[in-house]
Amino acid sequence: MGEESSQVLSEEQVQLDDGESKPATSLPKPLQLGTKNNSKPANWTIEKSENLYRIAGWGEPYFSINAAGHVTVSPQGDRGGSLDLFELVNALRERNLSLPLLIRFSDILEHRIDRLNACFAKAIARYNYTGGYKGVFPVKCNQQRHLVEDIVRFGKPHQFGLEAGSKPELMIALAMLDTPGAMLICNGYKDREYIETAMLAQKLGQSPIIVLEQLEELPLVVEVSQSLGIQPLLGVRAKLSTKGVGRWGTSTGDRAKFGLTIPEILQVVNQLKEAGIINSLQLLHYHIGSQISSISVIKDAILEASKIYVELAQLGANMKYLDVGGGLGIDYDGSQTNFHASKNYNLQNYANDIIAEVKDACSERNVAVPTLISESGRAIASHQSVLIFDVLSSSGVPSDLPPSLDIEEHPIVRNLWETYKSITEENYQEAFHDATQFKEEALSRFNFGYLTLTERARAEQLYWACCKQILEIARRQAYVPDDLEDLEKIMASIYYVNLSVFQSAPDSWAIDQLFPIMPIHRLTEEPTERGIVADLTCDSDGKIDQFIDLRDVKPVLELHPFKSDKPYYLGLFLGGAYQEIMGNLHNLFGDTNAVHIHLTPKGYKIEHVVKGDTMTEVLSYVQYDAEDLVENIRRRAEQALLEKRITIQESQRLLQNYERSLGRYTYLSP
Ligand SMILES: *Cc1c(COP(=O)(O)O)cnc(C)c1O
């Protein structure tokens, strides 16, 4: 989807942000600049924003906040310069790239690959491990061509390979991987064509390893091997009894969808011996699910797998590789816990535990240690992209007091007035129950015809005013009683954003996955509002109302008051894995614009622009032909003209609008 733009933007050089405060010309409001000598109330600081949005927790070393109160990106981690994300977005908008906009930082990808490899190298040195490490990128995590090209290129020094989980992904992996010695792992359902293609690719100098995941694949492999006269490279995927935990936990265990049970693995060994190709079996693979948040699960799995590996070697298989699959987690909420949106270990712990465990198991039984392979997708691809979207409007709960009138109020309204006036630190909980009860009473009286519309409006206004005041008190308390916890939700503003959750963050909708979301500017200013995010679709599920927090999740996000004459940009971070391809066309919102940014010594370079879908494109996915649609409208306009229901000017204007829209982005323009 989407076409690569022919515009040559790549030579663009832009000055680097040096991390110091920016010249005031870039922002019309000097009040927002700098922390020290401005006239902002001194009680809000950048540090407070950092703590509030937990940016160091999930964003290190790539994302932080500069003195101007903008999010900055350091795509090369600690070893390079940084960019002001807000200014980058403005610069991209000047180039006619509309929001929502997916910004990819190829340097982050490179840094992630280097870091994973460095951690394994360190672990290998530390434990005197005599085998090597050769990672692969599971293509299913993000199949975009530019990204896969980058991974292959950045992976070259590490002999980093690719993993295919389906036939189309095999097509990608075979064509894109050209690194001598890198692994090409073939997983997923396989038919004869898949197997033949993988084996024949050996003649091109590649070494695809066909991983048997189902028993039925074995006779097919033997047959194809015999008819082609090629000795296959084989692996087996074991169903471990170790269970993953959390969201993706069900992908493991005895009832897992993929993999062979231990009796089945023995059957494979015997049949390969019978066929005289037991030498082909070189790899043991397992995958216990994604985002494993607990290191103890990772240890249990590698312990079980290394024992199987050693046994296979002793049974006469030509074992060389142990492939530990994916599962390496990301700390989405920065809490460093085994909460599903976090993980209680780091990359180095992960590498150390794997290397140490495998070494022990092998030396115990005098088996040569394997080359280790991991298929880390989420850990490689999540950080590289940032989704930027703008707020279109916001609506808060109207909490202003109604004007006091010189009339005899309805008793219910009077009760609410009294409740309102009597709220204190001591009785705020009781006041909340009173106000709620009076409001409910007002509603039921209205339904029975005993309250006028005006009286009902006054009752509701007073109720919201009570809630607002009670909430202010509750927020100051160290402990908030359970029955008041919903108050934040009740009082949350709705921020309407130029985005489709279904297209750009499908896991947030489908499996309640948490992504860090925060404003990318105004961070010197206190975010006084509490809101949820509602998208453009007319689906009531098209919203985000769970946000990262140190403990559990929070139902509202701290946001700045929206001003209709100023853009307000939010960023969704760590969404570089799985979201793009699973995004769908709900309400026909298409792919977003995407740009690839690469840091240069003097600034940055826009390496690729991939334009998002136009309306014509999304309509064609559901078999509408744009020309037919235009023709249809033209005919109706002619008829209306004949019947004098429309003027010629009006009909021309309508047609122009219609035609122009078809060529446009599916999202709203400012
Ligand atoms: C999805 C998948 C991966 C990637 O898992 P991550 O948790 O994203 O690293 C690796 N291997 C297999 C077999 C998979 O199905």
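Residue numbers start at 1 and run along the sequence shown. Every number for a ligand or one of its atoms is a count from 1 in the order of the listing.
T337 and N344 are not linked by any side-chain donor-acceptor pair at a separation below 3.5 angstrom, with hydrogens and angles left out of the test. Residues Q159 and T179 have side chains that never bring a donor and an acceptor to within less than 3.5 angstrom of each other. Between the side chains of Q513 and Y332, at least one donor N or O lies within less than 3.5 Å of an accepting N or O. Of the N and O atoms on the side chains of H287 and D323, not one donor lies less than 3.5 Å from an acceptor on the other residue. Counted by atom type alone, Y621 and D613 present one or more donor-acceptor pairs between their side chains at under 3.5 Å.
For ligand 1, the 4.0 Å heavy-atom shell takes in P138, K140, E163, N187, R237, H285, H287, S290, Q291, G326, G327, E375, S376, G377, R378, Y578, ordered by chain and residue number.
Atom NZ of K273 has more than 12 neighbouring heavy atoms from other residues, nucleotides or ligands inside a 6.0 Å radius.
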